[in-house]
Amino acid sequence: MSSAEIAVLPETEGFRIRWADLAPFIALALIVLAGALINSNFMAANNLLNVITRSAFIAIIGVGATFVIATGGLDLSIGSMLAFVVGIMIMAMNAMAPSLGVWAIPAGAAVALVVGSLCGLLNGLIITVGRIEPFIVTLGTMGIFRAFITWMTDGGSLSIDNSLRAAYRPVYFGDVLGVPYPVVITIVVALIGAFVLYKTKYGRRVTAVGSNADVARFSGVHVGRVRTLAFVIQGFCVAVAAICYVPRLGAATPTTGQLWELQVITAVVIGGTLLRGGKAHIWGTVAGALILEVIANVMVLSDMVSEYLVAAVQGAIIIIAMLAHRFTSAR
Amino acid sequence: MSSAEIAVLPETEGFRIRWADLAPFIALALIVLAGALINSNFMAANNLLNVITRSAFIAIIGVGATFVIATGGLDLSIGSMLAFVVGIMIMAMNAMAPSLGVWAIPAGAAVALVVGSLCGLLNGLIITVGRIEPFIVTLGTMGIFRAFITWMTDGGSLSIDNSLRAAYRPVYFGDVLGVPYPVVITIVVALIGAFVLYKTKYGRRVTAVGSNADVARFSGVHVGRVRTLAFVIQGFCVAVAAICYVPRLGAATPTTGQLWELQVITAVVIGGTLLRGGKAHIWGTVAGALILEVIANVMVLSDMVSEYLVAAVQGAIIIIAMLAHRFTSAR
Amino acid sequence: MTAPMPTDAAAGDGAGAPVLRAEGLSKAYGPITVLRDVTMDIRAGEVHAIIGENGAGKSTLMKLLSGHVQPTDGSMSMAGRAVSFADAVQAEAEGIVLVHQEILLAPDLTVAQNLFLGRELTRGLAVDDREMNRRTAKVLARVGSPVRPWVRLGDLPLAQRQLVQIARALLDDRKVIILDEPTAMLANDEVDSLLQIVRNLRDQGVATLYISHRLEEVEALADRVTVLRDGQMIGTWPAAELDQRRMAELMVGRELSGLYPAKRDPQDAEPALVVEDLSVDNGAYQGSFTVRPGEVLGIGGMIGAGRTELIEGLMGLRPAQAGRIAVNGTRIDKQDVTRLMAAGLVYLTEDRKGKGLLLNERLGPNLTLQALDFINPGSRLRRNLETRAVRGAVEEYDIRVRGLSVQAGQLSGGNQQKLLLAKVMQADPKVVIIDEPTRGIDIGNKSQIYRFIDTLVRGGKAVVVISSELPELVGLSDRVLVMRGGRFVAELTGERITEQNIVYAAASSGRDTAKRTRA
Amino acid sequence: QDAEFTIAVSIPAATHGWTGGVVYHAEQAEQQIEAAYPNIDVIVSTASSATAQVSALEDLSATNELDALVILPFTSEELTGPVEQVASTGTFITVVDRGLSDESIQDLYVAGDNIAVGANTAEWLVEQLGGEGEIVVLRGIPTVIDDERIQGFTEVIEQSNIEILDIQYANWNQDEAFTLMQDYLGKYPNIDAVWANDDDMLLGVLEAVDMAGRTDVKYALGGNGMKQVIEMVMEGDERTPISTPYPPSMIASAMYMTAAQFAGQAPMRGSFLLDAPLITPENADQFYFPDSPF
Ligand SMILES: Nc1ncnc2c1ncn2[C@@H]1O[C@H](COP(=O)(O)OP(=O)(O)OP(=O)(O)O)[C@@H](O)[C@H]1O
Ligand SMILES: Nc1ncnc2c1ncn2[C@@H]1O[C@H](COP(=O)(O)OP(=O)(O)OP(=O)(O)O)[C@@H](O)[C@H]1O
Ligand SMILES: [Mg+2]
Ligand SMILES: [Mg+2]
């Protein structure tokens, strides 16, 4: 009897699962198709390139959020954290510009990465050491980071030094062989994220913790450390997004990054990652970010709805997309 | 020997649990004490009355949110829903004022209760029938309700008819034996909420669903129905809050109720309800709403922090309060 | 086959008429058929035992009969009337209730609230908590549980939760009560009172379906016995025609040798594990013990004696203070699962669903989670190492699985236990502590697991076994420590290791009487 | 459509009273221009943040041959680069309200003067209070508009003996203004005047003052020329005798002027500075638009 069962053993791993994984990409394809039908300009190479490039921010931050959410956490502070990191980075670059010249840019970027990671560490430690709901902690730090950037800008704005602008611009506007830098950076971040999540022990532990924290603890996984590190990764990703963000807008204001947390979480969930943790789809998140950006773009291109109702249509499309996803991926 | 045994089998009905239930009230007392020390004006009867009256909105909506969160759900749309219900109510009252006179007020209030409940029903049905994460659904409906109120007000404001103002004003500014109406209404709503939650079959099932939905299903509980009804209750509470809200400023604007969802959820969690569901503390929520309002009040009364940093200090106090709670209620 | 011929006919043996009849029931999950063409009847006033190996399909059959799962083929009838159940609620309405093998109760509700969930008593609009608590206390007393009705379920030890679950089934009048391994988590005392309850039910004309791997219970209790093997019905026999050995042979389809391996000669060696003055918050006090290589140390005691707490404290899984802990001579100053594993000590939990396995993950991630650093050096995950480990474990521990993509939660209980054993053994430990090693394991697998333990010990390892099954403790242990009220109260060696001595040590000093009066 | 000219209009989304007015006037102007000049196509696009506005600019210019762009920038610094990008393709640029960091980019500038809104109000107040007194201030959302108004106001006040007791954010939100004013009233036994830098907030302030029954508050001022407030000014309200216009309709003016470029009428270039004169009972009817939602 047992021999018969073991003979079936070498089965291909989860063909069925892969099909469900495709859902966000199918949704993306459908929305792109709809966009093309609604507005002929949508498919213009230029437009598509713009949309893809700007979805980089949400996608990059989303990679980090995928880690946090996979461990069963949630980070509402990312939008404010972005603003704070952007502010610190600009201040650092401006301060270093006189002595370092153009080298102030990489130096400032390094500062941003450190600050971003530290912000994430702060969130992670309060949550794991203090054992408080991530929702509450990051809601608190959201207020804290937002207040800091307001204070740093004196309620106004904080611009990058003119001497650095030209040198820094290509980080958003430049391209490698026609592929814009932010897209390249997104792909690199997502590749690294996917590698860490799917191909390293840490990634394995991330999903284990999100799946059942008790089991992980009984198996000797340092649950707190895994969770904290996920928040650090989130902070690091926010800093990477900040580095791409500054050359585009050149300034930090108290409204920078406002409500991005909701967009990021939406992208992650549309991408197939479960909010309760235990499952993570890095590439789904990237697709989710693209979906959101495409919807916004189509809304701008089409003149069909009153400007007051744009938000309603966007909200409805997201819900409909999730519903369609649910009912097509028959269970 | 039996001493160890008795630990699992408490003789009295959960003495330990009651102690933990007191945490939000102790926190409230401490914050009030701190307020009194920081600023002598704080304890002025007038100031306290103002603060308590204002906290009615968050408390009333929070009662509904306690139901939703106890079932393991989450509603991000409440702030926008409030604005939407306020808008509809004002339009209804204004339309009925010429024919019904002052009776337009109760008629409009009835309309509000129906509309609020329907909004909740919409959320609930999409979530349970469509089996989509509440976070995403209510994020979508948040955009939808907000867009509707913006559209209804043409981006400006929608004021209640002058003929109704005087008659309606007392609902916010009046009092019964010195207790302001909103406070009375809050107490009534919380009493009813507590009765339904703790003393009815439905309430029992709310916690069961939040604690373990599968178990509830096996026990013959209609999980979807229980969840949906929780959202309807949430919508109803939003409408009650709307009824108290309108007499205060007499208008709906696109900013009405903005970010209230975060305040409400914070109040619920500070009050001791778990975000994962299964546990609900109606009176804790009321205390949580008071805590938030008192902190904001103390921040204005004290002169210690820059206006830019107020949000930071508020965020920090909430985190510290939760930390203190965690480390005092030793486990 | 050495067994007597199965008798299918009602054969006027005094039992009542069939209350429930299954006709050609089958169940398939996707392409895999787990139950094939089962035809049987259940009569009023009988105890009908279902036995079979792990994964034979017993739980599946019970879920079909109680509406938790719908059959892919076949039909059911009650007293000649065709019935079908869309869910468990409909089955309960017909008087059929299943007590699950796993605990299915809401942790945040109280005991009484759980019992009455979905059918709360009311007075006017309000629920009648007093009456529900009163009735709950009554039914808990019937199953011999000292638990108070208003205690939060999540605060109870597993065994007490199991009793609560059984109590839930007894709350209303039932026609058919199905008990799926009700005694797996219970110790002798509770088992005795449970058996008495089942006998009472039989006298009241209730039909009881009883699944157990403890064949002595089946022998003592059952009127008829149905044997399942590999999803197929082997037959139904009057219990009087079978003894334990025959049942075992029918289950596995071959002859079985002795259940317990021969004991080993004691060795003189330095202790592999030394524990001194270990106290665990609210659970155990100043426990000290040692285990030598080549020795099986049994730890006995009643449910709630604090055995699990002591070991979880030792492993750093609960707040605990220790005088001295040494593994293989290495002194451990901070208890932590990973450090202890590195020093050579591992622990296998009794709560395999809640703390042992990731039920939604496949075998590989489960198997390698704990010993990942050991199996897979470096920080990169190497799938080939994982696959190799899985294949090795499936072979070595005889895990019956239909493909590598199966999730741990889809394995039968016994195979989950084997997977868990394989998981903690991945790091090649020197000392293994196993809490309830054969909970929910069939007799064939049991002897397999005993043989694993024997092999380990003969290979120079030290094994600590915590068990509520006295024969197991007696059969396996070279030395037995008995706990009571969080303290060690007796040490038994050699000839003195007998069931009577263990029970005496575990239950003496008036505990029994105290408990009975409270119940 | 056989439109020969395309005018894109990029404005902030209607998140509070004033921007709501902007959207309203822009949509009105769009209809009127398209009706009046069949050969002009107007595309109005709102954005809820500087980032979204930059995105909208990219979208509009990537998919249309833009002949003109009318933009009310979220912030100067952040939008300068992106607008320059659009201008470099030969698009006619009209900037409204807030100047870009580089003035050479714009062809037409319809400027509001937020500093003047603050300064004019402050000057009036200094005069009425005789250069002495204690006042409180409510500010809006931390953005440039708010910052400039506060800057203009405080600079003037600092020259006098008037003491600003407190400044806090109320996010251009009536509720928050009501709450904040209640707290101010509780905190300071004497307040001579209050300035909410926007009329939306002023309505909340007035409600709080009335409810507390405080008579020490001699003046409660706002800004922006909201309909209800202008009505009060017209009725000669003692506490709110003035307002300052900051008409959201400036977007419409800018759109008409831009459309005129392509309608073959007189070419319009240069800067048009909208002053922020005080609205008094005498001139209030000039600023009263009963049909506007704002
Ligand atoms: N949901 C499911 N999906 C796929 N296979 C399943 C599922 N549930 C059970 N099985 C398979 O059905 C078979 C029978 O399982 P069942 O739980 O009935 O065994 P059992 O006789 O109760 O075993 P045990 O004594 O170990 O509890 C097992 O091989 C199991 O893997
Ligand atoms: N969840 C809990 N909350 C509080 N106390 C507990 C809890 N679980 C166990 N205890 C305490 O620990 C003691 C021992 O519990 P437990 O039943 O797990 O011991 P055990 O000897 O391992 O029994 P067994 O393994 O046979 O179930 C109990 O008497 C109780 O006082
Ligand atoms: Mg089973
Ligand atoms: Mg135990």
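On a predicted model such as this, the values are computed, not experimentally measured, just so you know. Naming convention: chains lettered A, B, ... in sequence-line order (proteins, then strands); numbering from 1 in each chain.
Annotation: residues 142-151 of chain A contacts chain B through A:Met142, A:Gly143, A:Ile144, A:Ala147, A:Phe148, A:Thr150, A:Trp151 [non-hydrogen atoms, separation under 4.5 Å]. Within residues 255-267 of chain A, the residues having any heavy atom less than 4.5 Å from a heavy atom of chain B are, in residue-number order, A:Leu262, A:Ile265, A:Thr266.
Looking at A:Glu133, its side chain never comes within 3.5 Å of a backbone N or O of B:Val269 through a donor-acceptor pair.
Interatomic distance, B:Asn123 CG to A:Ile319 CD1, rounded to the nearest 0.5 Å: 7.5 Å. We find the CZ-CG distance between A:Arg131 and B:Leu323 to be 10.5 Å, quoted to the nearest 0.5 Å.
Closest heavy-atom contact between A:Asp154 and B:Tyr308: O-OH, 3.0 Å.
Taking A:Gly315, A:Gly130, A:Ala312, A:Ser80 one by one and counting their heavy-atom pairs under 4.5 Å with chain B, the maximum is reached by A:Ala312. In terms of non-hydrogen atom pairs under 4.5 Å with chain B, the most contact-rich of A:Leu139, A:Leu275, A:Val313 is A:Leu275.
Neither the backbone nor the side chain of B:Ile127 comes within contact range of chain A; no heavy atom of the residue lies under 4.5 Å from a heavy atom of that chain. Heavy-atom distances place no part of A:Thr153 under 4.5 Å from chain B, backbone and side chain included. Looking at B:Ile318, only its side chain comes within 4.5 Å of chain A, counting heavy atoms on both sides. Using a 4.5 Å cut-off between heavy atoms, A:Ile320 does not touch chain B at all.
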